Amino acid sequence: MKQVVGFLLILCSFPLLFLLGREIWDEVTVVKAHEERIQEQIQLPTLESQLPVTMVDRNGQIFSEEYVEWRQPIKLDDVPEVVKQIFLLSEDQEFFNHIGFNLSAITRAIVVNSSEQSLEQGGSTITQQLVRMRYLSEEKTYERKLTELFYAYELEQLYDKKEILEMYLNEIYFNNQVYGIGAAATYYFQKPLAQLTIPQMAFIAAIPNNPSLYDPVNNFENTKARQERLLDILAEHDVISKDEAEAYKQEKISLNLKRKIQKYPTYSTYVLEELKSLVAQNDGFKEKLANAKTKEEKQIIQSQIEQKINDLLESGIMIETALEPEKQEKDEQKINSILGAGSLQASAVVVDNTTREIISLYGGKNYKKYDFHRAYQGVRQPGSAFKPLIVYAPLFETTNYSPDSSVSGGHYCVGNFCPQNYGGGVYGTVSIRTAFKYSYNTSALRLFHQIGVDKGFEYIEKFNFNSITDQDKTYSASLGGLTYGVTTLEMADAYTSFIDGTYKPVHSIRNVKDKHGNILYSWPEESETIWSNQTVKYIRSLLHDVITSGTGRGIWANSSYVGAKTGTTNDYRDFWLAGLTNEYTSAVWIGYDKPRSMQDLEDDKIHFSIFNTIMN
């Protein structure tokens, strides 16, 4: 019966509009065509705008927020009654009685607007305002106005009044890219709505009537004046007493504006990148990519991943991370200071040995959000820092060699590949321990030739080196000579296998939760055994020798164990350090974005200073 009466009222309004002119009647015929599509067009109203993405550190403190519009949806039951009354009494006193629109109010508005020869909007109910915000443009035409009536009526058939009021309170605009009464409370006062005083509630409730005019940041006095009018309305309807209204008007309003939290951009930028990998693995996209046969298939899958990530980011997730904020801040400041002025750059990664979590990242000097991130995007030749992974650990794993076994340090060629030792040195028979700590290239090549390229890469492929290709399977790889190279993050990741012989990819994300606190994604805890206990013992011993009497003298850390491997590429274009203590595993790179020789910096050992800083 309600539906029939509603449509009859709409149809009865047409003759009245006809009296206002043939032009309006022509528009009505167009609008009537919309009626046939209304059931299809009115879908379950959902909030399509992006909700904030928050990142929290290991202490549960927010360190980064990602959003264009500040929204914090709130349940109607959590909205104080006085706030509901403010909007109902000031915007739509017949809200619980009408069918989506108020015919008498519309008639009055039409007569007034017609007489003034304008198209000013008037007589809008809360339901109409919600329809306008969600479905329609703000153009001021009679066609849009009539479409609004149809939509408002249909919306009332789909939802009860409380649901509509809740949607309205979460959708209204409070200026400064703030949407919804809950978000307005936290943006203007940094408190939940329920913790505001009545004067504060009335103050933010004054904004949506005209968000520009009543913008409290730029037009505070206008907002205060309307707040006082709203308090008077509450008193007129006995929601509060007149004495209370006067007292509330006198209460001082002090804004406490929320600023977007954007700390530690180096870390937060990487978290968003890691999120893609986490989703791809958990939702099966990684496997699909591995099995894709053509470039087109891979592009389709990549597009699906991007769409999944976009949907996830718009849903209002919280990302719990392993960030140690004090260490991140200290490491950034000290590395910036070590690098000084000029164009010399660096990247560094620190991993917690117990959890295999990334606790600190350095992506470049004076890094800004979404800049080129040298820790995970900077692919460079690793030099001798690659030797423990591709030569020595596989050697110990597959042969009876030990650090005290002998190897020649003399000239050696495999085909046309005839590397030289640092400074052109030629050595006789030495122990593997000596060859390792002084980084003899000819010895490393001999040992690599013995185990074979395929065997060395069999182990390398267990790690997450994303830029290594089949073209890299040559003997020059034994010395870190690769087609493209590796990143600092990938080196630190692989070196964690020397903690205890097991490996699982390092990560910054602990959990991804939806807006209700449910866990959506987390990394699996399973690990793979890569090296035997004996191999780990040998490698850790060799790494320690490097810092006590080899190429790494000057490296230290406040730990019962310290070990590292240095790396220098051809023409001194890259300096590397990768190693570990009992607490942390780390990798450090320094160089120029446009590679050039750093021979004049060799004695400064800048990468040593960085390593010493982040490992203590």
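We number each residue from 1, following the sequence as shown. Source: prediction; values computed, not measured.
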How are the rings of [X] and [Y] set relative to one another: parallel (under 30°), tilted (30 to 60°) or perpendicular (over 60°)?
{"X": "F63", "Y": "Y267", "value": "perpendicular"}
{"X": "H373", "Y": "Y376", "value": "tilted"}
{"X": "F174", "Y": "F87", "value": "perpendicular"}

>> If you apply the rule side-chain contact (heavy atoms from CB on, under 4.5 Å), what do you find for Y521 with D283, and how did you get there?
In response: CA-CA 9 Å; Y521 297 97; D283 289 352; 2.7 Å; yes

N/O donor-acceptor pair under 3.5 Å between [X] side chain and [Y] backbone:
{"X": "N176", "Y": "V178", "answer": "no"}
{"X": "S347", "Y": "G363", "answer": "no"}
{"X": "Q307", "Y": "Q304", "answer": "no"}
{"X": "K252", "Y": "Q250", "answer": "no"}
{"X": "N511", "Y": "S522", "answer": "no"}
{"X": "D352", "Y": "T354", "answer": "yes"}
{"X": "T186", "Y": "A183", "answer": "yes"}
{"X": "K260", "Y": "Y67", "answer": "yes"}
{"X": "N210", "Y": "L213", "answer": "yes"}
{"X": "N170", "Y": "I74", "answer": "yes"}

If you define the side chain from C-beta out and look only at heavy atoms, does anything of [X] sit under 4.5 Å from [Y]?
{"X": "K515", "Y": "L51", "result": "yes"}
{"X": "I317", "Y": "L275", "result": "yes"}
{"X": "V379", "Y": "N466", "result": "no"}
{"X": "I253", "Y": "Q200", "result": "yes"}
{"X": "P52", "Y": "E65", "result": "no"}
{"X": "K369", "Y": "S64", "result": "yes"}
{"X": "T223", "Y": "Q227", "result": "no"}
{"X": "V271", "Y": "E274", "result": "no"}

>> Tell me which one of R58, K513, R510 satisfies side-chain hydrogen bond (donor to acceptor under 3.5 Å, both in side chains) with E320.
In response: K513

Atom pair [atom1]/[atom2] of [X] and [Y] - distance to nearest 0.5 Å:
{"X": "L130", "Y": "Q128", "atom1": "CG", "atom2": "CD", "value": "11.0 Å"}
{"X": "L272", "Y": "K276", "atom1": "CG", "atom2": "NZ", "value": "8.5 Å"}
{"X": "L234", "Y": "I240", "atom1": "CG", "atom2": "CD1", "value": "5.0 Å"}
{"X": "R356", "Y": "Y503", "atom1": "CZ", "atom2": "OH", "value": "9.5 Å"}
{"X": "T54", "Y": "M318", "atom1": "OG1", "atom2": "CE", "value": "4.0 Å"}
{"X": "T127", "Y": "L155", "atom1": "OG1", "atom2": "CG", "value": "6.5 Å"}

Output yes when [X] and [Y] qualify as a salt bridge under the 4.0 Å nitrogen-oxygen rule, no when they do not.
{"X": "E221", "Y": "K224", "result": "no"}
{"X": "E156", "Y": "K161", "result": "yes"}
{"X": "K84", "Y": "E166", "result": "no"}
{"X": "E525", "Y": "K504", "result": "yes"}

>> side-chain contact (heavy atoms from CB on, under 4.5 Å), that's the test. Do V506 and V349 meet it? Break it down for me.
In response: CA-CA 10 Å; V506 299; V349 178; 5.8 Å; no

For [X] and [Y], which heavy atoms make the closest approach, and how far apart are they?
{"X": "D215", "Y": "Y188", "result": "OD1-OH, 4.3 Å"}
{"X": "D493", "Y": "T496", "result": "O-OG1, 2.5 Å"}
{"X": "S315", "Y": "L312", "result": "OG-O, 2.6 Å"}
{"X": "T488", "Y": "R374", "result": "OG1-O, 4.0 Å"}
{"X": "T487", "Y": "A375", "result": "CB-O, 3.6 Å"}
{"X": "D92", "Y": "I126", "result": "OD2-N, 2.9 Å"}

Could you check whether atom [atom1] of [X] has more than 12 heavy atoms from other residues, nucleotides or ligands sitting under 6.0 Å from it?
{"X": "K298", "atom1": "NZ", "answer": "no"}
{"X": "K242", "atom1": "NZ", "answer": "no"}
{"X": "K263", "atom1": "NZ", "answer": "no"}
{"X": "E287", "atom1": "CD", "answer": "no"}
{"X": "K162", "atom1": "NZ", "answer": "no"}

> Can E314 and N310 be said to form a side-chain hydrogen bond (donor to acceptor under 3.5 Å, both in side chains), step by step?
Replying inline: CA-CA 6 Å; E314 290 176 358; N310 289 339; over 6 Å; no

>> Test side-chain contact (heavy atoms from CB on, under 4.5 Å) on R71 and E171; report intermediate values, then the result.
In response: CA-CA 9 Å; R71 294 176 182 263; E171 192 71 12; 3.6 Å; yes

>> Determine whether V239 and L89 satisfy the following criterion, side-chain contact (heavy atoms from CB on, under 4.5 Å), listing intermediate values before the conclusion.
In response: CA-CA 10 Å; V239 177; L89 294 173; 4.0 Å; yes

> Is K258 close enough and on-axis enough to W70, meaning under 6.0 Å and within 45°, for cation-pi?
Replying inline: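 The answer is yes; both the distance and angle limits are met.
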
> What pairs of residues pass the ring-ring contact (aromatic ring centres under 6.0 Å, His included) test when at least one of them lies in residues 209-263, not counting sequence neighbours?
Replying inline: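 For residues 209-263, and leaving out neighbouring residues, the ring-ring contact (aromatic ring centres under 6.0 Å, His included) pairs sorted by first residue read F203-F220.
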
>> Under the ring-ring contact (aromatic ring centres under 6.0 Å, His included) definition, can you give me all pairs with a residue in residues 282-329, not counting sequence neighbours?
In response: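 Residue pairs with at least one partner in residues 282-329: there are none.
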
>> Ignoring hydrogens and geometry beyond distance, is a side-chain donor-acceptor pair present between Q328 and E332 at under 3.5 Å?
In response: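 The answer is yes; a qualifying pair exists.
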
